[in-house]
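The shown structure was predicted, so the numbers you read here are calculated from the model rather than taken from an experiment.
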Amino acid sequence: MLRQASRLLAGRIAAGRAARLLSTDVPATATADSNFVEAWKKVAPNLDPPKTPLSFMQPRPPPPSAIPSKLTVSFVLPYASELSSKEVDMVIIPATTGQMGVLPGHVATIAELKPGVLSVHEGNEVTKYFISSGFAFIHTNSYADILAVEAVPIDQIDPSLVQKGLAEYTQKMSSASTDLEKAEAQIGIDVHSALNSALTG
């Protein structure tokens with residue numbers, strides 16, 4: 001039943017895609033969401049339609065006609081919000097492809113983050129965080145959402161504990177006998193090496 005419903009919905013949504021994109025009265029995302037709900041009710045009237053991402057996301061403002069002077073940044077962790085819609089001049093993120101500077105008007109990008117330093121530049125002030133991993137979503141309207149698994153301000157890191165952790169994980173790597181132990185040790189080495197570089201660089 002659900003498989004048949006999903007096939008029918010996919011066909012109906014694909015058929016109406018051109019009409020939705022040409023509509024200028026209602027945003028395409030809102031139209032797509034309402035069309036999905038309508039199609040669901042026709043195919044499975046006794047089941048409530050599932051929630052879509054649009055149900056949980058606040059819409060971003062449209063791209064401005066001119067590049068703004070500031071970048072609006074939200075920097076969140078699973079347990080806290082470090083920055084909430086803060087206007088800054090620039091952020092530098094540790095992407096897996098290398099350090100990436102983000103200024104107002106940056107092209108829309110999704111970047112995977114690696115262990116390293118996130119720098120937030122606001123005038124002459126630079127705030128640095130060490131992040132373990134995560135993702136950055138840069139939007140065309142000069143908004144950037146940075147989501148990290150773990151982060152700590154650089155000035156709160158104890159260099160002696162970093163050296164101790166690096167030594168421990170190096171020892172674990174040399175004595176690892178399984179692939180799992182080697183992988184865990186390598187992650188520890190990568191993170192502590194990045195921490196060490198952040199403190200010394």
L77 and E82, any side-chain heavy atoms less than 4.5 Å apart
yes
Taking every heavy atom of L199 against every heavy atom of P159, the minimum-distance pair comes out as CD1-CA, 3.8 Å
query = With a 4.5 Å limit on heavy-atom distance, are the side chains of V120 and L83 in contact?
reply = yes
For L161, the other hydrophobic cluster members (4.5 Å side-chain criterion, sorted by chain and number) are none
Report task. Using a cut-off of 6.0 Å, state whether more than 12 heavy atoms not belonging to K70 lie near its atom NZ. Result -> yes
Separation between CG (D190) and OG (S133), nearest 0.5 Å, reads 11.5 Å
Shortest non-hydrogen pair, A111 vs I93, comes out as CB-CD1, 4.3 Å
Exercise. Could you walk me through whether E181 and S177 pass the side-chain hydrogen bond (donor to acceptor under 3.5 Å, both in side chains) test, one step at a time?
Key: CA-CA 7 Å; E181 289 174 350; S177 58; 3.2 Å; yes
Note: A198 and I154 closest approach over all heavy atoms is CB-CD1, 3.8 Å
(Q) V107 vs T140, test: side chain to side chain contact (heavy atoms under 4.5 Å, CB included). Steps then yes/no. (A) CA-CA 6 Å; V107 66; T140 54; over 6 Å; no
Apart from I92 itself, members of its ILVMFWY cluster (side-chain separation under 4.5 Å) are M90, L103
Are I146 and V88 linked, directly or through other ILVMFWY residues, by side chains that come within less than 4.5 angstrom of each other? yes
Query - Residue pair F135, V149: steps toward the side chain to side chain contact (heavy atoms under 4.5 Å, CB included) verdict - result: CA-CA 9 Å; F135 286 90; V149 174; over 6 Å; no
Looking only at heavy atoms, the pair that brings P78 and A148 closest together is CD-O, 3.2 Å
d(K41 NZ, D48 CG) to nearest 0.5 Å is 8.5 Å
field: Criterion side chain to side chain contact (heavy atoms under 4.5 Å, CB included) on S193 and L166, from CA distance to verdict
entry: CA-CA 7 Å; S193 296; L166 184 56; 3.6 Å; yes
Exam field: side chain S74 to backbone S85, donor-acceptor pair closer than 3.5 Å: yes
Discussion item. For K182 and K172: C-alpha separation, side-chain torsions, deciding distance, then whether side chain to side chain contact (heavy atoms under 4.5 Å, CB included) applies.
Written reply: CA-CA 8 Å; K182 288 177 184 175; K172 286 181 180 179; over 6 Å; no
Close side-chain approach of P153 to T127, heavy-atom, < 4.5 Å
no
Task: V152 reachable from V162 in the ILVMFWY side-chain graph, under 4.5 Å edges - done: yes
Open item on the list: Are V191 and L118 linked, directly or through intermediate hydrophobic residues, by side-chain heavy-atom contacts shorter than 4.5 Å (ILVMFWY only)?
Closed with: no
To the nearest 0.5 Å, atom CD of E125 lies from atom CG of D89 at 10.5 Å
Closest non-hydrogen atoms of I131 and A151, given as atom of the first, atom of the second and distance, are CG2-CB, 3.7 Å
| said: So I138 and Y143, do their side chains get closer than 4.5 Å, heavy atoms only? | reply: no
Item to complete: Taking the side chain as every heavy atom from C-beta outward, state whether Y169 and I187 have any pair of such atoms under 4.5 Å apart.
Response: no
Please answer whether the main-chain N or O of K114 pairs with a side-chain N or O of T96 as donor and acceptor at a distance below 3.5 Å. no
When D145, T109, T72 are each screened for side-chain hydrogen bond (donor to acceptor under 3.5 Å, both in side chains) with H139, the one that passes is D145
Nearest heavy-atom contact between Q171 and S174 is O-OG, 2.7 Å
**Asked** Are any non-hydrogen side-chain atoms of P45 and W40 less than 4.5 angstrom apart?
**Response** no
Should the heavy atoms of other residues, nucleotides or ligands under 6.0 Å from CG of D179 be counted, would the total exceed 12? no
CD (Q163) and CG (L195) are apart, to the nearest 0.5 Å, by 10.0 Å
Is the gap between the ring centers of Y129 and F75 under 6.0 Å? yes
V126 vs K128 side-chain heavy atoms within contact, under 4.5 Å: yes
Is the backbone of G188 close enough, under 3.5 Å, to the side chain of H192 for a donor and an acceptor to pair up by distance? yes
message = Contact between V117 and P94 at the side-chain level, heavy atoms closer than 4.5 Å - yes or no?
response = no
_Under 4.5 Å between side-chain heavy atoms, counting indirect links through other Ile/Leu/Val/Met/Phe/Trp/Tyr residues: same cluster for Y79 and L113 or not?_
yes
